[in-house]
Amino acid sequence: MTTVLIAAPATVSRAADLVAPGTYAAVTDSDCAAPRNLAAIERKFRVQANEVHHQPALDIVSITDIRENRYLPAREDITSVDRLYCKASAGMSDGRTRTLWYMIEYGEGFAGAFGDNVEFCLSGLDRWNVHDGACRVLR
């Protein structure tokens, strides 16, 4: 069995090589592993644990095995947003490990001017099926 590793691009403009679906090993300079994006997921999950799951003690304690899943560049005929899809393992405060699926939308932060938007889904914790069954929308 052959393993293919593709280095993640440092900028969005060079990321077009990742259009093909598949799992790619993330390197430390990948946006999937960027501390600002992981912190956004942890921060948003704290709110979700309180308001949706009613489990204020539930928290993400670690994010490991980070991978780039696919990259979709902006296309004027469909969308004007670059999207990077990622997968990781999330260690939870209850001792379980869950699959974390997330997407980074470049330039879609607050009012489209303040950074990037990060959407995420933890397998088994999408109570309202916001991201369809088994987090399908973010894969």
Side-chain angles (χ1 to χ4, degrees):
M1 184 156 125
T2 304
T3 303
V4 177
L5 299 177
I6 296 176
T11 63
V12 176
S13 62
R14 295 187 328 202
D17 294 338
L18 295 180
V19 174
T23 302
Y24 302 92
V27 294
T28 55
D29 66 344
S30 167
D31 282 340
C32 288
R36 70 183 179 281
N37 293 326
L38 301 179
I41 291 168
E42 291 171 356
R43 185 176 57 253
K44 289 179 179 184
F45 182 74
R46 277 187 218 106
V47 172
Q48 189 181 87
N50 284 318
E51 296 179 9
V52 177
H53 305 296
H54 307 292
Q55 297 181 19
L58 188 60
D59 208 355
I60 297 174
V61 295
S62 67
I63 298 176
T64 59
D65 194 27
I66 299 168
R67 302 271 189 250
E68 291 183 356
N69 198 39
R70 65 185 165 133
Y71 175 78
L72 296 177
R75 291 177 41 192
E76 292 201 22
D77 59 330
I78 296 174
T79 179
S80 61
V81 178
D82 290 306
R83 291 183 173 95
L84 178 62
Y85 293 80
C86 310
K87 177 185 178 185
S89 294
M92 308 301 292
S93 59
D94 64 0
R96 294 186 67 181
T97 300
R98 296 182 180 274
T99 302
L100 171 65
W101 299 94
Y102 55 108
M103 171 187 61
I104 302 162
E105 294 177 303
Y106 294 97
E108 292 299 307
F110 179 72
F114 298 102
D116 305 323
N117 179 46
V118 180
E119 295 291 327
F120 74 94
C121 180
L122 282 160
S123 293
L125 290 177
D126 188 13
R127 183 176 179 175
W128 296 338
N129 281 331
V130 173
H131 300 290
D132 201 14
C135 304
R136 185 187 60 84
V137 172
L138 295 179
R139 289 181 179 216

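Residues: numbered from 1 along the sequence shown. Keep in mind that the numbers below use all heavy atoms, side chains included, and drop hydrogens, waters and symmetry copies.
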Asker: Show the nearest heavy-atom pair for residues Y85 and R139, with the distance to one decimal.
Answerer: CD2-O, 3.9 Å
Asker: L84 versus C32: any side-chain heavy-atom pair under 4.5 Å?
Answerer: yes
Asker: With heavy-atom distances below 4.5 Å as the criterion, would you say the side chains of V137 and W101 are in contact?
Answerer: no
Asker: Do the side chains of K87 and L138 get nearer than 4.5 Å, heavy atoms only?
Answerer: no
Asker: Look up atom CD1 in I63 and atom CD1 in I41, then write down how far apart they are to the nearest 0.5 Å.
Answerer: 5.0 Å
Asker: Would you name the heavy atoms of S93 and A57 that are closest together and state the gap between them?
Answerer: OG-O, 3.0 Å
Asker: If you measure only the distance, is there a donor-acceptor pair under 3.5 Å linking the side chains of Y102 and N37?
Answerer: no
Asker: Considering residues, nucleotides and ligands other than R36, do more than 12 of their heavy atoms fall under 6.0 Å from its CZ?
Answerer: yes
Asker: Just so I know, are the side chains of M92 and L122 near enough to count as touching, which here means a heavy-atom distance under 4.5 Å?
Answerer: yes
Asker: Given side chains that start at C-beta, do those of C86 and N69 come closer than 4.5 Å, heavy atoms only?
Answerer: no
Asker: Where the side chain of R96 meets the backbone of A90, is there a donor-acceptor pair that is under 3.5 Å apart?
Answerer: no
Asker: Considering only heavy atoms from C-beta outward, does the side chain of I66 approach that of L38 to under 4.5 Å?
Answerer: yes
Asker: Would L125 and L58 count as a side chain to side chain contact (heavy atoms under 4.5 Å, CB included) here? Give the steps.
Answerer: CA-CA 11 Å; L125 290 177; L58 188 60; 4.1 Å; yes
Asker: Over all heavy atoms of both residues, which pair between C135 and S123 is shortest? Give the atoms and the distance, please.
Answerer: SG-N, 3.8 Å
Asker: Classify the ring geometry between F120 and F45 as parallel (under 30°), tilted (30 to 60°) or perpendicular (over 60°).
Answerer: perpendicular
Asker: Is there a donor-acceptor contact under 3.5 Å from the side chain of D116 to the main chain of G107?
Answerer: yes
Asker: List the atom of H131, the atom of C121, and the distance in Å for their closest heavy-atom pair.
Answerer: CD2-CB, 3.7 Å
Asker: How close do S89 and T97 get, counting heavy atoms only, and between which atoms?
Answerer: CB-CG2, 4.0 Å
